Asker: 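First the structure, then my questions, so here it is.
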There are 2 protein chains.
Amino acid sequence: MATEEINSLPESYPMLGGDGPYSYAKNSTFQRGFVDATKGMVFAGIAEKLDLKSLGIYSSSTFQIADLGCSVGPNTFIAVQNIIEAVEQKYLEAANQHHSTLEFRVFFNDHSDNDFNTLFQTLPPNRKYFAAGVPGSFHNRLFPKSSLHIVHSSSALHWLSRVPKEITDSTTLAWNKGSIHCTGFVKEVATAYSAQFSNDFESFFNARAEEIVPGGLMLILIAVRPDGIPMSKNPEGIHYDFLGCCLYDLAKMGLISEEKVDSFNLPIYYPSLGEFETLIKRNANFSIEKKHMFTNPLMQKAYCAEFWAGLLRAGLENLFQQHFGSLQVVDQIFKYYSRKLEQNISFIMEGKSHDRIELCIILKRN
Amino acid sequence: MATEEINSLPESYPMLGGDGPYSYAKNSTFQRGFVDATKGMVFAGIAEKLDLKSLGIYSSSTFQIADLGCSVGPNTFIAVQNIIEAVEQKYLEAANQHHSTLEFRVFFNDHSDNDFNTLFQTLPPNRKYFAAGVPGSFHNRLFPKSSLHIVHSSSALHWLSRVPKEITDSTTLAWNKGSIHCTGFVKEVATAYSAQFSNDFESFFNARAEEIVPGGLMLILIAVRPDGIPMSKNPEGIHYDFLGCCLYDLAKMGLISEEKVDSFNLPIYYPSLGEFETLIKRNANFSIEKKHMFTNPLMQKAYCAEFWAGLLRAGLENLFQQHFGSLQVVDQIFKYYSRKLEQNISFIMEGKSHDRIELCIILKRN
């Protein structure tokens, strides 16, 4: 029963659309922290590693960029603007010119049930690029062969294409009863999550290898665990454990069934640094050009419980609704969770300060 | 006052989104008639006029198509599918092959407030092309230079970028008091509408001249008036006059103010055949390759009043809401209009049978 339910979950878990109080547009300041923190790395990476000549970029060319897992703005617009500025600067320096006639096209990608309407209606009015939206999963092909020069993906690759099958099957050792994510306590659960991430990442890589022109770059921003640190000790893991406890509380109170909580698992996995690097090195189509590890500067900021609750809700409300049903129930879940979070904010925030690495990695298509 | 109001109208008048009873998705069977009726013309046009060799199309190429003013499905999906089948057939014949490795990409364009969410969520699941949405007015540039092989636009070019300024100015002879469209009775009004269409069409053509590769095709489907027939005698014109009468009825009943009706004008213009051909010939970037005149086979069908009312509402509800305010008022307007239409359906249908030409024109970028 539980297995069937999970299997019928759609493979898409979009951030909350619109511009309401719980929307991703209004609750993604934290992710903006990553974008701002990596601006310098993006500039340096493009300046040093992008070879316009070998890409065949000349004055009347179109330079094509894709942001994968863009959700709605404004973070995606800022990330893309940084890339364009860096490419333009590189182009002007290389051509020894003051004025560029390069045309840019940007493809904003996310699942087809992402809120593209909001994305399109909030596009920067004075943008210097042709904008297009591309609906679909980045685990599959999305673009024609050799059609992209730079691919960017920020805070998106930890989303799996699906919850690993085994962990919802009560007849296997990998059944993840009592937890809603990959804590790392049960080896079989961790193996299943890790295998799913590995498969998904391979699909992602293979698709991009077709789509990116030789010499083109891929800029990936992802949070990873330091080697040897399980999710249960990682800030996100601590937060998810806390959320799981809230769900079991609510099951005890009768708002949702315990079975429903047992069958709920987050389609999210943060690999360890070593695990991630091994996966990248396994793919012969890309070489690592640059690698930066840093901490989101906003991590240390004393945000209130409401801030963290908003961040979580914007990312998970749609997923919760798919699983727990009515929006009314979901609203009650998040209200309970927010209240509890407020009471425990110091404990949660303690976990935020360590055992998480932000990784910005620049790859080149060979 | 009236002028100011009209000037503040956005330049976008999207069809009604979603999949509700009044949506364009549910009320565009009539427009589908055009798409179906032109399938043969599209096939013949592409077979005879598309020169894949001169376009540099070979097996590993990406063939790029755009549908401008696509609204939501399903008509745009059918139109695009017809084009792809025709190109593929032409390619296989030319290459003397049975299996094509051509990749297709389709750009679906409409204003940024078009319902792209519905469009993306209803994309044919087994489509053989990469899909992208491009938000923006087709009176401006939307695509990089020389990036498209075929541009298609069906039942869209009669929408103006704005209501002509003069006709909302009560101090000029062109003030269109007492009518909601270009009946043709007042010379100054007709001149203003015609000039706006001419400007818009020139912008459209100039933008496409940049975007379409030399040798690429543009397939335009538009309704025109036979020469010498004013809008007041054309089926759409008769229908709009009827709608205008309903609005003045409702003003008398006090639902809306007469001033509001006076200041309301449709941003729609159907050129005469001669007028349209002159505009096309004026642009040296395109040559006319094929021209077909036909009648939408559905025109003769005895559709009920509800059908025609649904068709009109799907196209105009957003525009009405922009002008008349609350959805409640707009709902009452359309309910009154539907009831009146039912009482007068034979009179309206009589007008549907003549004095309108569907024009399918195939142009080549020189």
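Lettering follows sequence order; numbering is per chain, from 1. All values derive from a computational prediction rather than experimental measurement.
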Asker: What residues of residues 143-158 of chain B sit under 4.5 Å from chain A when you count only heavy atoms?
Answerer: B:Phe143, B:Pro144, B:Lys145, B:Ser147
Asker: What part of A:Leu119 gets closer than 4.5 Å to chain B, counting heavy atoms only: side chain, backbone, both or neither?
Answerer: neither
Asker: Please tell me if the side chains of A:Glu103 and B:Arg141 come closer than 4.5 Å, counting only heavy atoms from C-beta onward.
Answerer: yes
Asker: Which atoms of A:Asp115 come close to chain B, meaning under 4.5 Å heavy atom to heavy atom: side chain ones, backbone ones, both, or neither?
Answerer: both
Asker: Please rank B:Asn117, B:Thr118, B:Asn109 by heavy-atom pairs under 4.5 Å with chain A and give me the top one.
Answerer: B:Asn117
Asker: Looking at B:Pro135, B:Ala132, B:Gly136, which one has more heavy-atom pairs under 4.5 Å with chain A than the rest?
Answerer: B:Pro135
Asker: List for me each residue that meets salt bridge (charged side-chain N to carboxylate O under 4.0 Å, His left out) alongside B:Asp331, sequence neighbours excluded, and say none if there are none.
Answerer: B:Arg313, B:Lys335
Asker: Considering only heavy atoms from C-beta outward, does the side chain of A:Leu123 approach that of B:Ser112 to under 4.5 Å?
Answerer: no
Asker: With rounding to the nearest 0.5 angstrom, report the CZ to CG distance, B:Phe120 to A:Asp113.
Answerer: 12.0 Å
Asker: Going by salt bridge (charged side-chain N to carboxylate O under 4.0 Å, His left out), name the residues that satisfy it together with B:Asp51, two or more places apart in sequence or in a different chain.
Answerer: none
Asker: Under the side-chain contact (heavy atoms from CB on, under 4.5 Å) rule, collect the residues that match up with B:Asn318, sequence neighbours excluded.
Answerer: B:Pro14, B:Leu16
Asker: Parallel, tilted or perpendicular: which fits the ring planes of A:Phe107 and B:Phe107, with parallel below 30° and perpendicular above 60°?
Answerer: parallel
Asker: Can you say whether A:Thr101 sits under 4.5 Å from chain B via the side chain, the backbone, both, or neither, judging by heavy atoms?
Answerer: backbone
